[in-house]
Amino acid sequence: RGCCWMAEAADLPQFLPQVLPMLEWVEIRRVCLTQQQCSRSLVQAVHQRYLGEAPSSVRARVQRLGDRLNGAQAAQARGSPEALASA
């Protein structure tokens with residue numbers, strides 16, 4: 001059994017980026033503290049997913065929100081009935 005566990009632990013750094021969206025910050029910290037070989041992989045995955053140029057990044061989400069708000073503001077300025085009803 002020890003051999004199988006070691007093989008699974010060796011695969012953990014490649015597996016973590018796929019599991020990242022399901023982890024909460026407390027769990028991410030716990031994994032980094034207990035599985036130090038995974039820390040680099042997990043930090044890189046967090047950076048790529050949330051701070052990089054990915055569509056799921058914070059920057060991209062804020063940009064999409066800004067675009068939607070600009071569109072809503074323009075619709076209200078034109079007096080669109082749908083925009084006025086949602087305001």
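Index from 1, following the sequence.
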Looking only at non-hydrogen atoms, find the nearest pair between [X] and [Y] and report the distance.
{"X": "P55", "Y": "A60", "result": "O-CB, 3.6 Å"}
{"X": "R49", "Y": "A54", "result": "O-CB, 4.2 Å"}
{"X": "E27", "Y": "E24", "result": "OE1-N, 2.7 Å"}
{"X": "S39", "Y": "C32", "result": "OG-O, 2.9 Å"}

With no hydrogens and no angle check, is any side-chain donor or acceptor of T34 less than 3.5 Å from a backbone partner on R30? yes

Are [X] and [Y] grouped together when hydrophobic residues (ILVMFWY) are joined by side-chain heavy atoms under 4.5 angstrom apart?
{"X": "Y50", "Y": "V43", "answer": "no"}
{"X": "I28", "Y": "M22", "answer": "yes"}
{"X": "L23", "Y": "W25", "answer": "yes"}

Say you draw a straight line from CZ of R40 to CG of L42; how long is it, rounded to the nearest 0.5 Å?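 Reported value, rounded in 0.5 Å steps: 13.0 Å.
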
For the side-chain contact (heavy atoms from CB on, under 4.5 Å) test, which of L69, V62, D67 pairs with L65?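 Of the listed options, the one satisfying the test is L69.
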
Can you confirm whether R59 is buried at CZ, in the sense that more than 12 heavy atoms of other residues, nucleotides or ligands lie under 6.0 Å from that atom? no

